[in-house]
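The block underneath contains the structure these notes are about, expressed in structure tokens.
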Amino acid sequence: MERITSFSVDHRLLKKGLYVSRIDGDLITYDIRMTQPNVEPAMNPQAAHTIEHIGATLLRNGPYKDQVIYFGPMGCMTGFYLIVRDLDLEVVKNIVKDVYEKIASWDQEIPGAKMEECGNYTYMDLQGARQAAQYFISSPWEHQYHLLEEK
Ligand SMILES: [Zn+2]
């Protein structure tokens, strides 16, 4: 089998940041890399699940809701994928900043965290989610570039 594109990026070189990782027509996949892979601690899955619920709710209620296709955690727990239709890096940077700032100070009920709304509704960690979001936005994301151009 062929090695898929996202495995072809040397993860030893990745820092925390926001990356364009795929372009498929007008669909753009951004990697929101929240911790440095294999160096810094990854998120705990409950925190990631909580970020997914809050983040998806904010994105789907925000000004670009019609262009947000998907938001969900990477299996390695070092960040999130954000798939959008036709939004460039500068716009997405502001969207991500806004959403993560709101997650970092979230003090409301976790959206969608009821038994009828989620497949594992008690599997949440709001404090961990807030900390992980705060960590991500606490220092400049100096590493923003097009992964495909690095190759
Ligand atoms: Zn859920």
Side-chain angles (χ1 to χ4, degrees), residues 1 3-9 11 14-141 143-144 147:
M1 285 191 280
R3 188 161 74 161
I4 65 175
T5 311
S6 63
F7 296 158
S8 302
V9 170
H11 283 63
L14 287 178
K15 302 276 182 2
K16 147 179 145 169
L18 177 65
Y19 301 86
V20 176
S21 67
R22 276 188 75 94
I23 297 178
D24 302 277
D26 62 351
L27 296 181
I28 307 164
T29 302
Y30 288 91
D31 288 4
I32 305 169
R33 190 68 67 167
M34 294 169 59
T35 65
Q36 186 174 353
N38 302 310
V39 173
E40 297 175 319
M43 286 177 281
N44 77 59
Q46 291 99 324
H49 186 205
T50 306
I51 291 173
E52 179 189 32
H53 274 239
I54 302 170
T57 299
L58 290 169
L59 288 163
R60 295 197 186 290
N61 284 280
Y64 296 98
K65 61 184 180 184
D66 294 333
Q67 284 159 278
V68 173
I69 308 301
Y70 173 75
F71 176 71
M74 297 174 179
C76 63
M77 294 293 127
T78 65
F80 276 72
Y81 300 111
L82 174 62
I83 304 176
V84 297
R85 175 168 282 126
D86 197 25
L87 290 176
D88 67 25
L89 183 61
E90 278 309 303
V91 173
V92 171
K93 182 181 171 185
N94 287 324
I95 295 171
V96 169
K97 182 172 186 292
D98 179 58
V99 166
Y100 275 74
E101 281 175 355
K102 286 180 171 138
I103 295 170
S105 60
W106 194 260
D107 59 1
Q108 306 170 46
E109 202 176 314
I110 300 166
K114 296 191 177 73
M115 190 185 282
E116 62 270 31
E117 298 173 311
C118 173
N120 198 357
Y121 77 105
T122 63
Y123 197 69
M124 296 289 178
D125 176 2
L126 180 56
Q127 189 56 33
R130 290 171 54 137
Q131 285 171 359
Q134 181 59 44
Y135 175 75
F136 178 62
I137 56 172
S138 64
S139 60
W141 323 333
H143 304 280
Q144 297 163 15
L147 282 181

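These figures come from a predicted structure and were not determined experimentally. Both ligands and their constituent atoms are indexed starting at 1 by order of listing.
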*C76 side, atom SG; H11 side, atom NE2 - distance, nearest 0.5 Å*: 6.0 Å

*Counting no waters, how many protein N/O/S atoms sit under 2.8 Å from the Zn ion (ligand 1)?*
3

*Backbone N or O of E116 within a donor-acceptor pair of the Y121 side chain at under 3.5 Å?*
no

*Got a donor-acceptor contact below 3.5 angstrom from the T50 side chain to the D125 backbone?*
yes

*Give a yes or no on this: more than 12 heavy atoms of other residues, nucleotides or ligands lie within 6.0 Å of atom CG of N38.*
no

*Could you list all the side-chain hydrogen bond (donor to acceptor under 3.5 Å, both in side chains) pairs where at least one residue sits in residues 65-81, not counting sequence neighbours?*
R33-T78

_When you compare the side chain of K16 with that of F136, does any pair of heavy atoms fall below 4.5 Å?_
yes

